[in-house]
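Written below as structure tokens is the structure these notes are about.
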Amino acid sequence: MDFSLLNKEQIEAVKYMNHPLLVIAGAGSGKTRVLTYKIAYLIENGVNPYEILAITFTNKAANEMLNRVDKILNHNNRVMISTFHKFCGKVLRKYSELLGYEHNFTIYDTNDQKKLMRDILKDLDLDNKKIKEKSILSTISHCKNNNISISEFEDSAENEIDILKVKCFKEYEERKFKLNAMDFDDMILLTVKLLKNNLNVRQELSEHFKYILVDEYQDTNVVQFELIKLLCEKYDNLTVVGDDDQSIYKFRGADIKNILSFEKNFKNAKIIKLTQNYRSTNNILKAANEIINNNTNRKGKNLWSKNGDGEKVVFTEYETDSDEAYNIINHIKNNQDYKNTAILYRTNFQSRILEDKCVTNGIPYILIGSLKFYDRKEIKDMLSYLRFVVNGNDFLSFERAIKFPKRGIGDTTIEKIKNYSLNNNIPICDIIKAPDVLGIKGKTATSLMSFYELIEKIKTIDTVEDMIDKILTLTSYQDELLNDYDEMDVKDKLSNINELKNRAIIFRETYENSGNLIDGSNLGGIEFLSDFLYDVSLVADTDEIDENVDKISLMTIHSAKGLEYKNVYISGLNENIFPSHQSINEDDIEEERRLCYVAITRAKENLFLSSARSRFVNGKYDYYRVSRFVDEINGDCIVKNKLPDIKKVNTFEKKSFDTDFLDIKKINFQNPYRTGNQIVKEKELEYKIGDRVSHIKFGDGKVLDIKEMEKDYEVTIKFDDYEKEKIMFAAFAKLKKI
DNA sequence: GCAAGCCCAGATAGT
DNA sequence: CTGGGCTTGC
């Protein structure tokens, strides 16, 4: 085997065998190369590919890795390379009965979880303003990721809210089980449970996978750690690759201790550090190193490269978020290097303004992670039908499918069916087959039964694409769409459905000759459909990136992990944006800093950082300081263009500009920097209470009240065409007396 | 009583 | 633009 492309440490990592190995691989240090060479090396030395399990973070990484192994060895290899969830999905599918699940269980994503929980809150009569489904779900997720059982959580419950959460938690688990469904966290947890409780399965799997490799180890949680531990029980031949400085998934349960305590967790462990970076210039690495050196909770390393110093990093502070976006886009336009350029930001809502400027400047762009393919209405509709075909217990899918197209079945009927199913443990599909058990008669009954017939018809079809076609024709789906959307949108939606069909076809092609299956499950219609649906459930946004189009990429930093671009712009480097206002405490700030480190190390040659003094967030303008992370980069690797001190430039509202005002987290007042939109309080309004006025958008109305405020007047108007009265600021509303 | 239509709020990160 | 809640209309 040719090792000429590897450095000394990489070769050592590739060849090290028979004991646990942790490779600490800095950003751009060639960790994928190590993993792929290691797999290839194992195979070349007589290991059966079938005995190797490699676990990655995304499907994209998995596919890439498999391709690269094949390339090194010049032939196709049936190595099992998959994500944690995909791997667990396969194991669970084989052994679902041991856990009391039916074979064709459904995987619930975050939206499904929310819907189920909302339903529960309603049924338990809990005021969903007092306790939000999101907060319960995040508690549940936290428990599951850390292997905390419901009863343990119950014992630790401290307040009224916790007690309510326990109640919802129990109900959630019970219902989910009855619906024959599991959420993402269950997949890992149940696999661990299966291995712990079932010696035979544990032996079989740990015997099967003699070599286990785990990518992105810093992102594993407690339960995933347990899973790895159980899987390598027999052979103890584990290689994990990760970077403690790139651990950015704490919110999802990732536990940085897994990587920091590797030697404690695995006896005879060896550690190899990769610090030579092959991606970026030294100026970029210097900026990255300076920032991450402020963290204390890390193993410690410094990246270096032979790529030369390159261009300096540039930081620019703008007055408004609009200026910031405009200048970034303009800069990109001048350089005309679209496909090698990415703009990164902390949170998704920041993409909006960048998108706007792309559109107005004619810059082609792709937005990653905005509207996910599988989150589109038409795709969710189709998948609901298919999911219900596979799992006749799946109430959520049933509900969605039966509601669109409209069939004269409403909430009351659906509620009846749900309750009957839950109370008597009868699958939804059996109830709608003969709805008279519920006393449902007449038109409603006929409608339910014909829906049942529809599902039964689809079950007899062989391929997923034909199933989808049948659903479309039998439900007159296109015509129904035309009632709600205009022709262009419908065309779009139909082509998305076509794309779904294509994915099914592609999935079948790769299905047959991949190392996908632990055993050879058959390719029959429903079996295959079920596998296809699992695959679909576990697709990530970044799996969808196409590198070959000449467009700039817009994405969150989380999405950018593992990617690299020649030119990188990081926007919104403001306190309370990045670092996020939720994470400014001691504990979370290190994670934000790691996120910043990840962002910076995406850049190969040119790195531009920016911030804006005034940003439009949550429907109002607020002031934001420059992010502490900018201050942490010093020396000659960076050029900083800051705006002059705010006291000197401002002439608008003097008394608000005390130096300490910037320390206030959020100040709600109008943005003085907006050109052409300045807020000037009139001495006197041209209208008074009782006058008729006209508004450009809302039409004519009557003034009910005027309140004089410090900076403006608050006017209450009842417009003729609107039910409710509106309260507006006079300077914005620009009302004309009529 | 029940389904369909209308209006409004919304938002860390993502398998 | 979407899903949820509220209101209207059959």
Side-chain angles (χ1 to χ4, degrees), chain A residues 55-62 82-89 107-111 113-115 118-119 121-122 128-129 133-134 138 141 144-145 183-188 216 219-221 224 247-254 344-352 368-372 374-377 380 400 402-416 440 442-444 447 483-485 489 534-543 555-561 572 576-583 588 591-592 594-595 598-599 616-619 722-724 726:
Chain A
I55 299 177
T56 60
F57 191 64
T58 62
N59 287 305
K60 191 181 181 223
S82 78
T83 62
F84 269 107
H85 290 88
K86 212 169 175 176
F87 171 74
C88 291
I107 299 170
Y108 276 176
D109 67 14
T110 317
N111 287 322
Q113 289 180 281
K114 277 190 202 154
K115 221 170 189 176
R118 262 198 303 269
D119 235 35
L121 287 174
K122 222 185 246 170
N128 63 353
K129 271 165 197 112
E133 78 265 18
K134 238 179 124 179
S138 89
S141 182
K144 289 184 180 177
N145 287 328
D183 61 31
F184 288 138
D185 299 327
D186 289 334
M187 297 181 77
I188 319 281
E216 309 278 16
D219 290 327
T220 52
N221 62 36
Q224 286 163 336
S247 171
I248 56 172
Y249 282 101
K250 188 178 171 191
F251 72 93
R252 215 169 56 193
L344 311 180
Y345 35 82
R346 176 64 178 85
T347 60
N348 265 316
F349 76 82
Q350 294 170 261
S351 69
R352 186 81 163 270
I368 290 145
S370 55
L371 184 53
K372 287 183 254 172
Y374 291 105
D375 273 349
R376 290 163 204 265
K377 173 197 156 48
K380 281 170 93 173
R400 182 171 185 116
I402 204 152
K403 273 187 166 172
F404 191 93
K406 303 240 144 61
R407 296 181 169 77
I409 305 291
D411 292 342
T412 318
T413 308
I414 291 173
E415 194 71 8
K416 270 188 207 161
I440 296 173
K443 252 185 8 204
T444 313
S447 183
N483 291 335
D484 295 351
Y485 303 90
D489 290 342
Y534 293 150
D535 199 66
V536 160
S537 306
L538 302 173
V539 167
D541 306 334
T542 35
D543 294 342
M555 69 187 97
T556 63
I557 299 165
H558 283 90
S559 298
K561 178 137 181 246
N576 293 323
I577 300 285
F578 188 20
S580 157
H581 66 101
Q582 314 232 18
S583 310
D588 291 334
E591 174 117 342
E592 295 284 317
R594 290 193 289 270
L595 199 52
V598 168
F616 191 71
V617 179
N618 282 331
Y722 292 84
E723 192 66 32
K724 279 190 187 156
K726 290 186 187 299

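Just so it is clear: chains get the letters A, B, ... in the order the sequence lines come, proteins before strands, and each one is counted from 1. These numbers come from the heavy atoms of this one structure, side chains and all, not from hydrogens, waters or symmetry mates.
- Among the protein residues, T413(A) comes within range of the sugar-phosphate backbone only, with heavy atoms under 4.0 Å from sugar or phosphate atoms but none that close to a base.
- With hydrogens and angles ignored, a donor-acceptor pair under 3.5 angstrom links the side chain of R346(A) to the base of dT12(B).
- The CG atom of L538(A) sits 12 Å away from the C1' atom of dG14(B) (whole-angstrom rounding).
- Using a 4.0 Å heavy-atom cutoff across all strands shown, K377(A) reaches no nucleic acid atom at all.
- DNA chain B is contacted by both T556(A) and R407(A); R407(A) maps to the nucleotide lying nearer its 5′ end (nearest heavy atom per residue).
- In this structure, N348(A) reaches the dA13(B) phosphate: one of its side-chain N or O atoms is under 4.0 Å from OP1 or OP2.
- Close to dT12(B), at under 4.0 Å from its OP1 or OP2, lies no side-chain N or O of S583(A).
- In this structure, the CD atom of E591(A) is 13 Å from the P atom of dG14(B), given to the nearest Å.
- Counting any heavy atom pair closer than 4.0 Å across all strands shown, K134(A) reaches sugar-phosphate atoms only and no base atom.
- In the set dT2(C), dT12(B), dC2(B), the nucleotide with an atom closest to the side chain of T347(A) is dT12(B).
- Rounded to a whole Å, the NZ atom of K114(A) is 13 Å from the P atom of dG5(C).
- In this structure, of dT12(B), dT15(B), dC2(B), it is dT15(B) that holds the atom nearest to the side chain of T110(A).
- Between the NE2 atom of H85(A) and the C1' atom of dG14(B) there is a distance of 10 Å, rounded to whole Å.
- Rounded to an integer number of Å, the gap from H558(A) NE2 to dA13(B) C1' is 4 Å.
- Listed nucleotides: dT15(B), dG3(C), dC1(C). Nearest to the side chain of R400(A): dG3(C).
- Candidate nucleotides dG14(B), dA4(B), dC2(B) were compared by shortest atom distance to the side chain of K416(A), and dC2(B) ranks first.
- As rounded to whole Å, 9 Å separates atom C1' of dA11(B) from atom NE2 of H581(A).
- Taking atom OH on Y485(A) and atom P on dG5(B), their separation rounds to 13 Å, with Å as the unit.
- Of the charged side-chain nitrogens involved, at least one lies within less than 4.0 Å of a carboxylate oxygen, so that D588(A) and K250(A) count as a salt-bridged pair.
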>> Show, in sequence, the C-alpha distance, side-chain angles and deciding distance for K380(A) and N111(A), and conclude whether the side-chain contact (heavy atoms from CB on, under 4.5 Å) test is met.
In response: CA-CA 11 Å; K380(A) 281 170 93 173; N111(A) 287 322; 3.7 Å; yes
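- Of the two residues near DNA chain B, Y249(A) and I414(A), the one whose nearest nucleotide lies more 5' is I414(A).
- Counted by atom type alone, Q350(A) and T347(A) present one or more donor-acceptor pairs between their side chains at under 3.5 Å.
- In this structure, the CD1 atom of I107(A) is 15 Å from the C1' atom of dG14(B), given to the nearest Å.
- Within the 4.0 angstrom heavy-atom criterion, only backbone atoms of the sugar-phosphate kind lie near K122(A); the bases stay farther away.
- Ring stacking is absent between F349(A) and dA11(B), as the pair misses the limits of under 5.5 Å between centres and under 30 degrees between planes.
- Out of dT15(B), dC2(B), dT12(B), the shortest distance to the side chain of T412(A) is found at dC2(B).
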> Do Y345(A) and T556(A) pass the side-chain contact (heavy atoms from CB on, under 4.5 Å) test, and can you show the C-alpha distance, the side-chain angles, and the key distance before you say yes or no?
Replying inline: CA-CA 5 Å; Y345(A) 35 82; T556(A) 63; 3.9 Å; yes
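- Note on R252(A) versus D185(A): no salt bridge recorded, every NZ/NE/NH1/NH2 to OD/OE distance being 4.0 Å or above.
- Looking at heavy-atom distances under 4.0 Å, D411(A) makes contact with sugar-phosphate atoms alone, never a base.
- A cation-pi arrangement, defined by a distance under 6.0 Å to the six-membered ring centre and an angle within 45 degrees of its axis, is present between K377(A) and F404(A).
- Within the 4.0 Å cut-off from OP1 or OP2 of dG14(B), at least one side-chain nitrogen or oxygen of S559(A) is found.
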